[in-house]
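As a basis for the values below, the full set of heavy atoms in this structure was taken, side chains included, without hydrogen atoms, waters or symmetry mates.
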Amino acid sequence: MDKRRRLLANGPPPYGGRFERTHTAGEILDRFPELEGSSVRIAGRLRSIRRQGKVTFADLQDGGRRIQLFCRVNTMGEAAYGLLDDLDIGDIVGVAGQVMRTRTGQESVEVTGIELLTKSLRPLPEKWHGLKDVELRYRQRYVDLIVNPGVRDVFVARSKAVAAIRRFLTERGFLEVETPMLNPIPGGANARPFITHHNALDMDLYMRIAPELYLKRLLVGGFDKVFEIGKNFRNEGISTKHNPEYTAVEVYEAYADARDMMRLTEELFAYVAAEVTGGTVITFQGTRIDLTPPWPRLSMTEAVARYTGVDFDAIATDEQARAAARSKGVEVDKQATRGKVLAEMFEELVEPHLIQPVFIVDYPVEVSPLAKRKDDDPGLTDRFEPYINGWEVANGFSELNDPVDQRERFLRQLEQRAAGDEEAHMMDEDFLRALEVGMPPAGGLGIGVDRLVMLLTDSPSIRDVILFPHMRPRDLV
RNA sequence: GUGCCCGUGGCGCAACGGUAGCGCAAGGGACUUUUAAUCCCUGGGUUGUGGGUUCGAAUCCCACCGGGCACACCA
């Protein structure tokens, strides 16, 4: 702060304006042989300063790259060289100089002029251990991004992944749309919503938990291939795999079904992986995962049989199903139906084994209120979820377009709601009206973008791929 | 929500019942090819908050606040 006062007293304000750059640090480093000897103007943040009397070295960080500055009183003159005394690590400067190598061969810029563009009033964290405190890394992501190498790369990769998803779908003729995040009725998922209030209308609104029901209305309206990338909000616990607001992409295609959506899913994952990592085989926390299509398809019943030895084809009643669950140590509700028990046993006993990509198909109708029933088995739906690394990374199905069946499903959900299930769906009469107008048969798909990015960037926590993860507010010191 | 662990100068760490210390960063000085530059000197902490035990607490106990991990919840 004293320095700030001195700078304000003695010269131009330490918060400059436009600075004409000719190159970035990365460009100079990448094209060094070609640029050696030429004049450049660069800008960035000082990360270290090594003063040696009449010669000073400094490292300038720009766009995640670092280049050395070499300052000599002979080249700069006494007056300009003297300005270096007021510079601190963390300051943002603009530099003019010549690209050169030092005696030791270090790529550098020999400074002829330097200009303080922004004074840093707070010291940066320790220079070779960086910022380790996870809480501070998330709360002060701006500092984390400056001092911890690799953090920046994760978010560059995230941007590439989202761009790749958008390109993949757009090139296949899907139309990107935006639907409301403030919903009078939250739908499209089993989840507890955030509630907010609209003052002018004096009504409560819900933050959306999924865009599904709006996107299906667009199918009714004649948009055959649509997608939306955006945030969903779920009022639930926080964990290494859950953030209250997270990013999903949802895709709908008229006249397609679950099989088409599975092909789309595996191709999309492979495409995005290749765009971000350069290949379709990735390593997550030491485990090799091969995303190359096609991925195997496995029915939930087969999966449970394979990993638990319990054959649901031989189980006819809810009571038998509950007994089977108990025999494997899985607690289920006393009212749980056969389908619910199957899904519970799957989640508890099978999911952790599904490391390599696999599509689990044929979900019980009880846990899939928006999916079309299978023709040959009305107790099951034509639904799939791909699993990778034990995580559910997407969800899709042949969409239920029978308004009468859909109304029945909503009524079942309302019963569950009345029984205390706060995550059960609400009735959405306007959505039913849309189905009554007529929705073409369609396949739908939702992908958790954060989890996809975690896989592609080898990040063990969802908070590593979200710039500003949710934290309890805390008083600043 | 439950369990376990963590909280010491701006940052990274030590001291684990007996005077709170080290490194980086900061301030002053020397130094014309350093890159964890080096050398000399200086300042900075009522140890997350509040209570308790004790002659004495950063250290032991309780509560609260914040965080991490696991579980629960959850597509």
For this session: Using the P atom on both, measure B:rA20 against B:rG44 and round to a whole Å.
Result: 15 Å
Exercise. Are more than 12 heavy atoms from other residues, nucleotides or ligands located less than 6.0 Å from atom CZ of A:R141?
Worked result: yes
Seminar exercise, completed: Here the distance between atom C1' of B:rU38 and atom CD1 of A:I49, to the nearest Å, is 17 Å
Exercise. For atom C1', what is the distance between B:rA15 and B:rG67, given to the nearest Å?
Worked result: 23 Å
Problem set entry | Distance in angstrom units between A:I89 CD1 and B:rG27 P, rounded | 10 Å
Problem set entry | Option from A:E228, A:E250, A:E178, A:E245 for which salt bridge (charged side-chain N to carboxylate O under 4.0 Å, His left out) with A:R208 holds | A:E228
Exercise. For B:rC71, what is the paired nucleotide under Watson-Crick or G-U wobble rules, both distances under 3.5 Å?
Worked result: B:rG1
Exercise. Contact class for A:E236 vs. all strands (heavy atom < 4.0 Å): base, sugar-phosphate, or nothing?
Worked result: sugar-phosphate
Seminar exercise, completed: B:rA14 -> Watson-Crick or G-U wobble partner, both distances under 3.5 Å, gives none
For this session: Determine the contact category for A:T240: base if any of its heavy atoms lies under 4.0 Å from a base atom, sugar-phosphate if only primed atoms, P, OP1 or OP2 are that close, otherwise nothing.
Result: sugar-phosphate
Exercise. Between A:W295 and A:F384, does the ring centroid distance fall short of 6.0 Å?
Worked result: no
For this session: State, yes or no, whether a side-chain contact exists between A:D59 and A:R50 at a heavy-atom distance under 4.5 Å.
Result: yes
For this session: Could you tell me the separation between the CD1 atom of A:I238 and the P atom of B:rG1, rounded to a whole number of Å?
Result: 11 Å
For this session: Measure from the side-chain heavy atoms of A:H242 and tell me the nearest of B:rA25, B:rU34, B:rC74.
Result: B:rC74
Exercise. Under a 3.5 Å cut-off for both distances, is B:rU46 Watson-Crick or wobble paired, and to whom?
Worked result: none
Exercise. A:L136 side chain: which of B:rU34, B:rC11, B:rU33 is closest?
Worked result: B:rC11
For this session: Tell which nucleotide pairs with B:rG66, taking only Watson-Crick or G-U wobble pairs whose two distances are both under 3.5 angstrom.
Result: B:rC6
Problem set entry | Closest-nucleotide 5' rank along RNA chain B - winner of A:D59 and A:S239 | A:D59
Exercise. The side chain of A:F70 lies closest to which of these nucleotides: B:rA26, B:rC11, B:rU33?
Worked result: B:rU33
Exercise. Rounded to whole angstrom units, what separation is found between the CG atom of A:L69 and the P atom of B:rA37?
Worked result: 14 Å
Problem set entry | Upstream residue (5' side of RNA chain B) when A:E392 and A:S48 are each assigned their closest nucleotide | A:S48
For this session: Compare the minimum distances between each of B:rG12, B:rC31, B:rU35 and the side chain of A:Q52, then state the nucleotide with the smallest one.
Result: B:rC31
For this session: Could you check whether A:V367 gets within reach of a base, just the sugar-phosphate, or nothing at all, counting any heavy atom under 4.0 Å?
Result: base
Problem set entry | Atom pair distance, as rounded to whole Å: CZ in A:R51 and P in B:rU32 | 15 Å
Exercise. Mind checking the P distance from B:rC5 to B:rC62? Whole angstroms is fine.
Worked result: 11 Å
Problem set entry | B:rU2 versus B:rG43 - spacing of their C1' atoms, nearest Å | 47 Å
Exercise. A:T104 side chain: which of B:rU35, B:rG27, B:rG12 is closest?
Worked result: B:rU35
Problem set entry | Inter-nucleotide C1' distance (B:rA72, B:rG56), Å rounded | 44 Å
Exercise. At under 4.0 Å between heavy atoms, what does A:G448 touch on the DNA or RNA strands: base, sugar-phosphate, or nothing?
Worked result: nothing
Problem set entry | Integer angstrom distance from the C1' of B:rC41 to that of B:rC16 | 33 Å
Exercise. Are OP1 or OP2 of B:rU34 and a side-chain N or O of A:R50 less than 4.0 angstrom apart?
Worked result: no
Short N/O separations, protein against nucleotides 63-67 of chain B, under 3.5 angstrom:
| from | atom 1 | to | atom 2 | distance (Å) |
| --- | --- | --- | --- | --- |
| B:rG66 | OP1 | A:R472 | NE | 3.2 |
| B:rG66 | O3' | A:R139 | NH2 | 3.0 |
| B:rG66 | O2' | A:E135 | OE1 | 3.4 |
| B:rG66 | O2' | A:E135 | OE2 | 2.4 |
| B:rG66 | O2' | A:R139 | NH2 | 3.4 |
| B:rG66 | O2' | A:R474 | NH1 | 3.2 |
| B:rG67 | OP1 | A:R139 | NH2 | 3.4 |
| B:rG67 | OP1 | A:R472 | N | 2.8 |
| B:rG67 | O4' | A:E135 | OE1 | 3.1 |

Seminar exercise, completed: Rounded to the nearest 0.5 angstrom, the CG-CG distance for A:D260 and A:L445 is 11.5 Å
Problem set entry | Separation of the C1' atoms in B:rC39 and B:rG7, to the nearest angstrom | 36 Å
Exercise. When the distance from CG of A:N74 to P of B:rU32 is rounded to whole Å, what number comes out?
Worked result: 10 Å
Problem set entry | Phosphate-side-chain proximity, A:K127 and B:rA25, N/O vs OP1/OP2 below 4.0 Å | yes
Exercise. In whole Å, what is the span from the CG atom of A:L46 to the C1' atom of B:rA26?
Worked result: 16 Å
Problem set entry | Closest contact, heavy atoms only, A:E366 versus A:T337 | OE2-OG1, 2.7 Å
Problem set entry | Pairwise P distance for B:rA57 and B:rC61, with rounding to whole Å | 15 Å
For this session: For A:E423, answer base if it contacts any base atom (sugar-phosphate contacts may also be present), sugar-phosphate if it contacts only those atoms, and nothing otherwise; contact means non-hydrogen atoms under 4.0 Å.
Result: sugar-phosphate
Seminar exercise, completed: Between CZ of A:R47 and P of B:rC24 the distance, given in whole Å, is 16 Å
Exercise. Are A:F346 and A:F312 close enough that their ring centers fall under 6.0 Å?
Worked result: no
Exercise. With sugar-phosphate meaning primed atoms plus P, OP1 and OP2, does A:A191 contact a base, only sugar-phosphate, or nothing at under 4.0 Å between heavy atoms?
Worked result: sugar-phosphate
Exercise. Do A:F57 and A:F70 have ring centres separated by under 6.0 Å?
Worked result: yes
Exercise. Is there a donor-acceptor pair closer than 3.5 Å between any side-chain N or O of A:D450 and the backbone N or O of A:V453?
Worked result: no
Exercise. Among A:R101, A:Q68, A:Q98, whose side chain to side chain contact (heavy atoms under 4.5 Å, CB included) with A:S108 holds?
Worked result: A:Q68
